[in-house]
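Right, one structure below, let's go through it.
The sequence lines fix the lettering, A, B, ..., with proteins before strands; numbering per chain opens at 1. As the structure is a computational prediction, the values presented were derived from the model and not from experiment.
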Number of protein chains: 2
Amino acid sequence: MSPKSTPKKDALRAKLLEVAEAEIENGGIVALRARDLANEAGCALGAIYTVFGDLGEIAIEINRRTMLQIADHLRGSIEGMENEDPGDMIITLAQAYRSYAEDQPQRWRTLFSIGLPPADSAEGFYDALAPITNLFAEQLDRLTRLSTTSERNRNARAIFSCVHGMISLGEEPRLSAMDPRDLDRMISRVVGTLCDKDQKL
Amino acid sequence: MSPKSTPKKDALRAKLLEVAEAEIENGGIVALRARDLANEAGCALGAIYTVFGDLGEIAIEINRRTMLQIADHLRGSIEGMENEDPGDMIITLAQAYRSYAEDQPQRWRTLFSIGLPPADSAEGFYDALAPITNLFAEQLDRLTRLSTTSERNRNARAIFSCVHGMISLGEEPRLSAMDPRDLDRMISRVVGTLCDKDQKL
């Protein structure tokens, strides 16, 4: 928990998060260093710990923002497509997720690499990706009204996880399983197959 | 490149790898520390660098072993199943990949997190996962003889990447998108759908 807030502490907190966000965006989690943060925010090193428990808490907060940014980006990608085929919209969401990963590689990697509470205090984090997977579930809902909400939700999470896996192994230059040039086509084909009306999950 | 080998250096190299392998297996990449390595191998700190360029080189070597271990584990999982349905065998391979990730979480995470050469010297690493994806391709080959080898290979990589994505987001307690209790069922359904003879990728 963060210490009790005052206007001065709130301002420091906001400044530190702004600096940390830029550092993670440019250099990933390894670029988040207390001394640099304090220097750039113009505060003493110890002042960081008057507003945050530790650097991990800052990373968690940036990860929350990243999550919302991804959800916004995905929502924007299907704006105005409301009457189109829901299967096509799921493919559009998947491609938008790839474009976020390409445009913000450091934020995207940080989200999945570090900065979340350890498992034993992770309550609520099972649903951390829900703002994203819900967008997939909404379209699955339009695709088939036969399945239950929980079933659609599970399928949406599975489809998102498949897309995430392909992108992870395509965008990781050090250990690629997917040829990046094939990625868009394979994402479309996999999502198309998994969403097919006659042969759905 | 490693320095020129001599019997004494080869023995030190083998000992350091043995110690490093145990450290990564127990504590992941963060457990790989030069001072601990030297202590446990009974050598001077500087001696490490007479046989390895840096710690990253050691991690790469352990990752190579992990890759072979996974391929062996997957191969073992389908032993004696040669006459069974290839779609079922691909599901078996996928489930075996999950069981490796569960049994060796630190080795598995290290493989995907760090310890490979940077992109600009990554020649040949595009195929690092080939021993694993080839096992999937062999079964796709039995499933359909209509597609070309390169098509089957691409599909095998896509199916593996989907399975990897579901496991990654199911086994990561800090940011789970998949309910681990659902994982086996969803892996089977996704792989089954992607491999379906009539509705294949």
Side-chain angles (χ1 to χ4, degrees), chain A residues 60 63 67 109 111-122 125-130 132-133 136 150 153-170 172-180 182-183 185-187 189-196 198-201, chain B residues 60 63 67 109 111-122 125-130 132-133 136 150 153-170 172-180 182-183 185-187 189-196 198-201:
Chain A
I60 291 169
N63 277 349
M67 192 78 76
R109 285 210 183 91
L111 185 58
F112 293 97
S113 67
I114 208 161
L116 290 166
D120 52 7
S121 67
F125 263 89
Y126 168 64
D127 276 328
L129 287 165
I132 297 172
T133 57
F136 285 72
S150 81
N153 201 20
R154 266 203 294 269
N155 286 352
R157 285 164 184 266
I159 292 171
F160 170 76
S161 300
C162 288
V163 170
H164 176 76
M166 286 187 283
I167 294 171
S168 297
L169 295 183
E172 174 48 81
R174 295 175 306 172
L175 187 68
S176 174
M178 298 286 293
D179 187 331
D182 262 349
L183 206 43
R185 195 175 68 102
M186 292 312 287
I187 289 172
R189 288 174 69 181
V190 164
V191 173
T193 304
L194 294 177
C195 291
D196 189 275
D198 305 312
Q199 179 63 39
K200 58 188 174 296
L201 274 181
Chain B
I60 290 169
N63 277 348
M67 192 76 79
R109 284 209 184 91
L111 185 58
F112 293 97
S113 66
I114 209 163
L116 291 167
D120 55 5
S121 69
F125 264 89
Y126 169 65
D127 276 329
L129 287 166
I132 298 172
T133 57
F136 285 72
S150 81
N153 201 20
R154 266 201 295 268
N155 287 351
R157 285 164 184 265
I159 292 171
F160 170 76
S161 299
C162 288
V163 170
H164 176 76
M166 287 187 280
I167 294 171
S168 296
L169 295 182
E172 174 48 80
R174 297 173 305 171
L175 186 68
S176 175
M178 298 287 293
D179 187 331
D182 262 349
L183 206 42
R185 195 175 67 102
M186 292 312 288
I187 289 172
R189 288 175 67 184
V190 165
V191 173
T193 303
L194 294 177
C195 292
D196 188 276
D198 305 313
Q199 181 62 40
K200 58 187 173 297
L201 276 182

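- Rounding to the nearest 0.5 Å gives a distance of 11.5 Å between CE of A/Met178 and CG of B/Leu129.
- Residues A/Ala158 and B/Met166 come closest through the heavy atom pair O-CG, 4.2 Å.
- A 4.5 Å side-chain heavy-atom check between A/Arg185 and B/Arg154 finds at least one atom pair inside the cut-off.
- Rounded to the nearest 0.5 Å, atoms CG (A/Asp182) and OG (B/Ser150) are 8.5 Å apart.
- Judged purely by atom type and a 3.5 angstrom limit, B/Arg157 uses its side chain to pair as donor or acceptor with the backbone of A/Ala177.
- Of the residues listed (A/Leu194, A/Ile159, A/Asn155), the one engaging B/Val190 in a side-chain contact (heavy atoms from CB on, under 4.5 Å) is A/Leu194, and it is the only one.
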